[in-house]
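Notes to accompany the following structure.
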Amino acid sequence: MEAWLARILGLLCALGGWGLLWTFGALFTVPWHEGRLLALNRAELQAVGVPLLIGLAVVCGAVHIFAIADRKERPSLYAWERAALLLAGLAAALAGGTWALARLA
């Protein structure tokens, strides 16, 4: 029972992190599309950097919560969960980027 509670909490945490990574992808696409990634002003850099850093931290926190549930009893399941969480974070960032790119065109 405790393992399931930890997994549910880890999934809720991961959902928040994926939302932040989606936001990063959406905000990163605009300067990338305009070809001015290296010329971001302070506000744009903050708008792009904060969702990235906080999103990665939250997803890493979700990985640690999943470790509480599965690292000792099921190490192979924990390895798969860890890989799935990180790949889903990458997919969320790409989804945000493609969403923003579709609206720019």
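- With rounding to the nearest 0.5 Å, the separation of CG in Leu40 from CG in Leu45 is 6.0 Å.
- Expressed to the nearest 0.5 Å, how far OG1 of Thr29 lies from CD of Glu34 amounts to 11.0 Å.
- Across all non-hydrogen atoms, the minimal contact from Ala3 to Ala69 is O-CB, 3.6 Å.
- The one candidate from Leu52, Val58, Ile54, Val59 that meets the side-chain contact (heavy atoms from CB on, under 4.5 Å) condition with Leu56 is Leu52.
- Scanning both residues, Leu27 and Ala47, for their nearest heavy atoms gives CD1-O, 3.2 Å.
- Considering CZ of Arg7 and CG of Leu77, their distance stands at 6.0 Å, rounded to 0.5 Å.
- Each of Trp22 and Val48 belongs to its own hydrophobic cluster when Ile, Leu, Val, Met, Phe, Trp and Tyr are linked at side-chain heavy-atom distances under 4.5 angstrom.
- Taking every heavy atom of both residues into account, Gly61 and Cys13 meet most closely at C-SG, 4.4 Å.
- Linking ILVMFWY side-chain heavy atoms closer than 4.5 Å, directly or via other members, places Leu20 and Val50 in a single hydrophobic cluster.
- Formation of a donor-acceptor pair under 3.5 Å by the Trp18 side chain with backbone atoms of Leu85 is found in this model.
- The 12-atom threshold is exceeded at CZ of Arg36, counting heavy atoms of other residues, nucleotides or ligands nearer than 6.0 Å.
- Contact check for Leu37 versus Phe28: side-chain heavy atoms found under the 4.5 Å cut-off.
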Apply the test side-chain contact (heavy atoms from CB on, under 4.5 Å) to residues Arg82 and Phe66: give CA-CA distance (whole Å), side-chain angles for both, the deciding distance (0.1 Å), then the verdict. CA-CA 8 Å; Arg82 186 176 55 208; Phe66 274 99; over 6 Å; no

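- Note that OG1 of Thr98 and CZ of Arg103 are 9.0 Å apart. Values are rounded to the nearest 0.5 Å.
- Under the 4.5 Å side-chain heavy-atom criterion for Ile, Leu, Val, Met, Phe, Trp and Tyr, Leu11 and Tyr78 are members of the same hydrophobic cluster.
- Side chain of Glu73 to backbone of Asp70: no donor-acceptor contact under 3.5 angstrom is found.
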